[in-house]
Structures are given as C-alpha cells and as structure tokens.
**Student:** 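Before anything else, here's the structure in question.
Bear in mind the structure is a predicted one, so any value in this text is a computation, not a measurement.
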Amino acid sequence: MQIFSFFLIKNIKYFFLGNLVFITFIVIDLIIQYKTGENIFGFKPQLNNYRFTGIFNDEIVAGGFIFLFGFLGLSYFLTNQRYNLFFLFLSFFSFGIILTGDRSPLIMIFLIIFFNLIFNKYLRKYFLFYFLILFTLVTLMIFTTEKSYNRYIEDIHQILDRSQPSFTTEYWHNRQERIVLEEQLLNEPKDITIKEKIVINKKRFEFLKNLESIKNNSKGNFFKESLYNFRNTIYGAHYLTAINIIKDNPVFGSGIRTFRIVCLDYENEILSFNRKDGCSTHPHNLHLEIISEIGFIGYIFFITMIVVFFYNIVFSHNQKEPDKTIAIYLLSLMFAVLFPFKPSGSIFSSWLGSQIWLLVAINYLFIIKDKEQL
C-alpha cells in the first residue's frame, strides 16, 4: 500500500500536467466557437447561442469540465511553486468558464477564492489580487457583451418572473372553471367525473390561498421575499419535494436513486407555483439528495469524512510549502463542489459523483503523504 501510494504521489504531477494541456486546448476551442460561431470541428453553440460547448457539441458540460480538470491541472504549477503561471492560467480557465455561460462553475470559482483567502496563507495575497481581476473581468463581460448579459442577468430575471403567479389571473381562471363545472353538474347531477373535477378545483383554490398567504406574510422582509420567489422556481419545487421526503424518511431515507420515483407522491403536497415540476431525477442539491435518499445516518457518515479531510489538511503542522499549499488548494475545490447553497448534479447518478470521489482520492493522497512522510 505504501509503495503504491508513493508511486501515485511521485507521479501525480503528470496527471495535473495532462489535465492542464487538455483544458488549455478546450478553452482555445471555446474562444474560437465564441468568436466565429463554430469550433474547430464545426460544432455550433447550443440554446440559441446562449451556451458555448466547444468539443462537447450538444452536451452542456464544458463549464463543469473546465472547472474540475482545469483547476486540478493548475496544481502542476503549485508543485513547482510557479505562482505567476498558476494565476495566469487560472484567469485563462476562468475566462473559458464565463464564455460557456455555465453559472454554477463561476460561483464555485468565487468559493475557491473565499476558501483560500481564509485558509491558504501562502496564496492569500495572490488570491486577493486575483479576486479583483476576476470581479473586473466578470463585470466587463456581463455589461459589455450581449450574450453574457442575457445569460447571467436577463435569463435569471426571466426565470424568476415566469415562476411567479398572478393571483388575480389564477383566481379568475379558477372561478370560471368552477362556474362551468357547476353548470355541468346541474345537467348531470350523478356524473362522478364532474364531481371529482369540482373537488380538484376547490383544492386548487385552497392551494392558491395558502400560497398567497405566504406571499403576504413575506412582504417587507427581504429574506422572506427571496425565499418566497425561490420556492416558486423549478429548483424551489425540487427542494421542497426533497424536504417532504426527508420528513417522511429522516433516518435511512427513501433509498439511493429513488427521488425520481417517490417524488410523484408529493406533487400536490408542496407549496410552490411550479409544484408540477417538483419531480425530477434528483433534487439538484447534493445535500438534500443525500439526506432524502440515505437519511441522516448516511449524511452523518459523509459529513464526518469531509470534516476529517478538512482537519487533517488545514490543521496539519507537518506539511510545508509547496505540499501545504497544494493540499489546501485541492481542498478548496472540494469545498466549492460540496457547497450546500447552490444547484448541483446528482451524486449518485451523474458525473458530479465522479468529481467528488476523484477529489476525495487526491486529497487523501496528500493526507497519506503528510502522515507517512512520503
């Protein structure tokens, strides 16, 4: 085991270098696609030119791919303590992520900065300077290019606006439907189908009243208003569904990869205007997914593992630069991926799980190196 660990640690820099070269090619290809409308293979952008995918064609994964493998590749420069090249390529890869229009990896970049500013004393001043560069770059891209503005600003506004109900309109439609059903029932007093539709209509009215009550109670409170607006989005519907599943299965969860099945039972129980969209393959938040599918028992084991990694890396007194620098930087990647207050893929059925376990494995290597002095 020690020999194998020694081999991996001594050669991991070549893994980093391979990622660095490959992602550099991907970002250059993305820039070509952004400028010309096609990448070097003739692939065009997706979703009405909002999402630039490069070599991935119709798979909208370029941003996440650059984040994981590109930011892992940057560790190559840390192994040689070439910090100027590290931040040069960090800026280049960040620019590529901005071009993809993928919002989640962009959020994770800022999380990496935040983590390293606090815990990585060797890179703290560099990350502070980089934060200023990135903030300037993002601001310029958003407010000087129509594509970026539409993706990062206008698209979010439209998602929120489309998700919010007009209660006046909803009540009017509900009332008109009830009038028609009641007239039909007068002509067909024994029709069970009509009676069932009237019951559904009344439940819809009660749902609207409860949702409107939440809105009225949130007025004047920015935090509550934000939560109310979010609950009506598709993501809000996913989260509320997961929370209801957790309430019914708090200890062991409903089972791995069962969210897509049991979510159907909660369609009419959540208070979200988009409750019909509350069902999906996963709840789009890995923490809610873990708790809802393997319960608090499984979640405690998972969090314990993360805390152990954090303690052994951040509070290690044996590691010296550059090992300490690399270890904390790699831990910041894990922190960004696991950050609870952002949308995510499925840990059990998408490549997000591969990202997490890859980061766990690499972080574990540096813990072994520290403890066994390899």
Side-chain angles (χ1 to χ4, degrees), residues 1-24 27 64-94 97 105 108-131 133-134 305-339 354-374:
M1 176 64 182
Q2 188 175 22
I3 295 175
F4 182 65
S5 300
F6 178 80
F7 174 79
L8 289 177
I9 291 170
K10 290 299 181 183
N11 292 280
I12 197 170
K13 64 180 180 180
Y14 299 112
F15 170 72
F16 293 149
L17 179 59
N19 287 333
L20 189 69
V21 173
F22 182 50
I23 298 303
T24 299
V27 175
F65 204 86
I66 294 171
F67 176 83
L68 176 63
F69 295 104
F71 281 43
L72 274 176
L74 292 172
S75 302
Y76 175 77
F77 294 122
L78 296 182
T79 61
N80 302 311
Q81 295 180 271
R82 303 182 71 174
Y83 297 148
N84 291 335
L85 283 176
F86 172 85
F87 283 98
L88 176 64
F89 275 81
L90 178 60
S91 301
F92 181 60
F93 290 165
S94 299
I97 287 175
M108 290 193 286
I109 296 174
F110 284 101
L111 291 173
I112 288 173
I113 294 172
F114 172 76
F115 190 92
N116 281 278
L117 284 175
I118 295 176
F119 298 108
N120 205 332
K121 65 178 182 180
Y122 298 111
L123 294 180
R124 189 172 292 147
K125 62 181 181 180
Y126 295 98
F127 270 104
L128 180 59
F129 180 65
Y130 173 67
F131 169 75
I133 293 176
L134 181 63
M305 176 187 68
I306 302 304
V307 171
V308 168
F309 276 133
F310 180 86
Y311 179 82
N312 279 281
I313 291 175
V314 173
F315 296 105
S316 170
H317 298 293
N318 296 326
Q319 284 182 318
K320 297 180 180 179
E321 194 178 7
D323 288 346
K324 182 80 168 182
T325 303
I326 300 171
I328 293 179
Y329 168 70
L330 291 172
L331 188 64
S332 73
L333 299 185
M334 186 184 295
F335 167 75
V337 171
L338 297 177
F339 188 72
S354 302
Q355 293 182 52
I356 292 173
W357 301 124
L358 176 61
L359 291 171
V360 166
I362 294 175
N363 274 279
Y364 183 63
L365 279 179
F366 280 89
I367 292 176
I368 292 175
K369 184 178 182 181
D370 176 33
K371 289 187 176 297
E372 299 185 9
Q373 297 295 303
L374 296 178

**Student:** What heavy-atom pair brings Leu330 and Ser75 nearest, and what distance separates the two atoms?
**Tutor:**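 Looking at all heavy atoms of both residues, the closest pair is CD2-OG, 3.5 Å.
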**Student:** Between Phe77 and Phe89, what is the ring plane arrangement, given parallel below 30°, perpendicular above 60°, and tilted in between?
**Tutor:**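 Ring orientation, 0 to 90° scale: tilted.
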**Student:** So Phe119 and Phe115, would you call those rings parallel, tilted or perpendicular, with 30° and 60° as cut-offs?
**Tutor:** tilted
**Student:** How far apart are the closest heavy atoms of Leu128 and Leu117, and which atoms are they?
**Tutor:** N-CD2, 3.5 Å
**Student:** So, does Lys324 use its side chain to make a donor-acceptor pair with the main chain of Ile313 at under 3.5 Å?
**Tutor:** yes
**Student:** Quick check: Phe69 with Phe65 (ring centres under 6.0 Å apart)?
**Tutor:** yes
**Student:** Does a side-chain heavy-atom distance below 4.5 Å link Ile328 with Tyr122?
**Tutor:** no
**Student:** Assign the ring pair Phe315 / Tyr311 to parallel, tilted or perpendicular, where the plane angle (0 to 90°) is split at 30° and 60°.
**Tutor:** tilted
**Student:** Write down the atom of Ser332, the atom of Ile112, and the distance for their closest heavy-atom approach.
**Tutor:**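 Heavy atoms only, the tightest pair is OG-CG2, 3.6 Å.
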**Student:** I would like to know whether Phe93 and Thr24 meet side chain to side chain contact (heavy atoms under 4.5 Å, CB included); could you show each step before the answer?
**Tutor:** CA-CA 8 Å; Phe93 290 165; Thr24 299; 3.7 Å; yes
**Student:** Does some side-chain heavy atom of Phe110 sit less than 4.5 Å from a side-chain heavy atom of Leu134?
**Tutor:** yes
**Student:** Report yes if some heavy atom in the side chain of Phe71 is under 4.5 Å from a heavy atom in the side chain of Asn19; otherwise report no.
**Tutor:** no
**Student:** For residues Ile97 and Val27, determine if any side-chain heavy atom of one lies less than 4.5 Å from a side-chain heavy atom of the other.
**Tutor:** no
**Student:** With heavy-atom distances below 4.5 Å as the criterion, would you say the side chains of Ile12 and Thr79 are in contact?
**Tutor:** no
**Student:** To check you understand the geometry: which heavy-atom pair defines the closest contact between Ser94 and Ile109, and what is its length?
**Tutor:** OG-CD1, 3.6 Å
**Student:** Pick from Phe129, Phe127, Tyr329, Phe131: which one makes a ring pair (Phe, Tyr, Trp, His ring centres under 6.0 Å) with Phe87?
**Tutor:**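 Result for ring pair (Phe, Tyr, Trp, His ring centres under 6.0 Å) with Phe87: Phe127.
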**Student:** Among Ile326, Leu333, Leu20, find the residue that satisfies the side chain to side chain contact (heavy atoms under 4.5 Å, CB included) test when tested with Leu74.
**Tutor:**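 With Leu74 as partner, Ile326, Leu333, Leu20 yield a single side chain to side chain contact (heavy atoms under 4.5 Å, CB included), made by Leu20.
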**Student:** Ile306 versus Met334: any side-chain heavy-atom pair under 4.5 Å?
**Tutor:** yes
**Student:** Identify the two heavy atoms, one from Gly64 and one from Pro105, that lie closest to each other, and give their separation to 0.1 Å.
**Tutor:**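 Nearest heavy atoms, Gly64 then Pro105: N-CG, 3.6 Å.
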